[in-house]
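Residue numbers start from 1 in every chain, and the chains themselves are labelled A, B, ... in the order their sequence lines are given, proteins ahead of strands.
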Amino acid sequence: MNSPLDILTLQPPEPPARPALPFDVRRIRADFPILGQQVQGQPLVYLDNGATAQKPRAVIDALSHYYTDQNANVHRGVHHLSQIATDVYEAARRKVATFINAASDREIIFVRGTTEGINLIAQTFGREQIGEGDEIIITEMEHHSNIVPWWMLCREKGAKLRVIPMNDRGELCMDTYQTLFSPHTKLVSIVHISNVLGTVNPVEEIVQIAHAHGVPVHIDGAQAVPHQRVDVRALGCEFYTFSGHKMFAPTGIGVLYGCETYLDAMPPYQGGGSMIQSVDFDNITYGNTPNKFEAGTPNIAGSIGLGTAIDYLNSIDFDGAAKYETNLLEYAHDALRGVPDLKLIGTAERKVGVLSFTLSDIHPHDVGTILDQAGVAVRAGHHCAQPIMKHYDIPAATRASLAFYNTREDIDALVSGLHSVRKIFG
Amino acid sequence: MSDLRELYQQLILDHNKNPRNFRVLDPADRFAEGDNPLCGDKVEVYLQLEGDRIKDIGFQGSGCAISKASASLMTETIKGKTLGEAETYFKDFQAMLTDPSSNLDLDQMGKLFVFSGVRDYPTRIKCATLSWHALRAAINNVQTPITTER
Ligand SMILES: Cc1ncc(COP(=O)(O)O)c(C=O)c1O
């Protein structure tokens, strides 16, 4: 039987992209319609990109185009529209594979987001490979989505979590990491870039050490893909997960990358349509990777939106954008250091544009509400990373998180809002 | 910023900084915990009763200025009242923040009136009501921590 992938490989390759113009934030901002908005009578200053990023017009238009001209179910109709929908869905898979340099399209599983990707690994690989007395290594700086699925699995199986601690700058203690391995270690699951601290973890080294112990590695890339190029083969990890909505694509679509040998050996995830080869009441045979992991009608529009977001990133001089962001982060660090009684949480040597902080003993909710009145959107709370809050002995923090469309004026608005906070709280 | 002065009135800032009745009562006749998992606000309410009357009340917890000041002013208001009166205050406070159509006599609210501005900040209403929910749980002897999220 021909799989849709075979059909696609017969299609002509896409024309090479035009070389991108050098990064220019003014031009980039014009691509994001929402940034022109006013909030509380002030121009929107969107500094909550770690929670979700805004969408370029190309992505918004792609969704509209799909529903206007292409909508049908995938992998099941013989009719014209069904073929188009299948083609664009599988083309999106190919774009993702190229974007993260996977060896094959078959290594890309579409899921709802990072959270579902991690749960998928826990429910398939985890439930089959991890048993009583086994151990999973995570870090102190994980998002709850890279703690809870493993904790649940450990409860079910009688397995244990081992945690790599971090120092007060928010960097992993690599010496301790080495000592956490035992013959029972079955998986290392770590965050690439912390959503609270901005720390870029030394994932290459973490993978090498794990491999030296014969242990596979999952990397939570939710905060990495919007900020830097990711090459899963260079990293050498077995699994990599991320969410579309944090990289300028729609909500409800995300990716689990798994290296083919692992995916092929894993049992399916959910049961249903599309993931089977044949069904009768005595015997069921499952389909192949990636279909085996994609039961039911997938998020077709979301995948197209994700593919379009990747096209967009490829069209804008992404490396230039990353450099611009690094400069902006330095500017922001300096500006925030000038605010009295402000304490930055997360000062790692290698970090991206995430600025978490406390402001004397003023609660982050109050900070967030007052900033909102100035049109400045930040996140206040525990950021789904309570162990980090515990490390710094704080109940919550305020977080400004950058994207390449933010400007120095945005940072200035943040700082001026923080001065208002201090004034109100005397 | 004039709107913000409405929200962060001097009385609220004062009770945030110097919360009244901010202590554990030991022994307590009644006790309850409240929790807002979305933002991590926590409050514990302790009651000492004399028959039907709240002889003493204390609270502990951590949270934003709105939640702390609300708990503090709640304890001031409720101390010495009967359980029935406390219940009426709970309902009125709730109505003041969430029901614009209620024909509540705002003069009756006394100092609690400073929280009427919170109505205009929907994301903050739970901060103001958390301690009141915990009070009610204490009165009703609810053993498990109550939460603002279902
Ligand atoms: C580091 C990290 N991991 C995982 C997640 C979960 O992503 P999602 O909610 O899109 O599944 C997030 C989202 O905040 C995150 O920042």
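Contacts of B/I66 with chain A are made by both backbone and side-chain atoms, with heavy-atom separations under 4.5 Å.
Heavy-atom contacts from other residues, nucleotides or ligands closer than 6.0 Å to CD of A/Q38 number more than 12. The environment of OH in A/Y331 is crowded: more than 12 heavy-atom neighbours from other residues, nucleotides or ligands sit within 6.0 Å. The number of heavy atoms from other shown groups lying within 6.0 Å of CZ (A/R112) does not exceed 12. Residue B/K79 places its NZ atom among more than 12 non-hydrogen atoms of other residues, nucleotides or ligands, all under 6.0 Å distant.
Taking chain B as the reference chain and counting heavy-atom pairs below 4.5 Å, the highest number among A/V367, A/I362, A/T369 is found for A/T369.
Heavy atoms only, all atoms of each residue included: A/D366 and B/A65 are closest at OD2-N, 2.6 Å. Minimum interatomic distance between A/H365 and B/Y8 (heavy atoms only, all atoms of both residues): O-OH, 4.4 Å.
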Stepwise side-chain contact (heavy atoms from CB on, under 4.5 Å) check, B/N16 with A/H363: CA-CA 10 Å; B/N16 172 52; A/H363 196 278; over 6 Å; no
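Counting heavy atoms from C-beta on, the side chains of B/K17 and A/D361 never come closer than 4.5 Å.
Here the straight-line distance linking atom CD1 of A/I424 with atom CG of B/L4 works out to 4.5 Å at 0.5 Å rounding.
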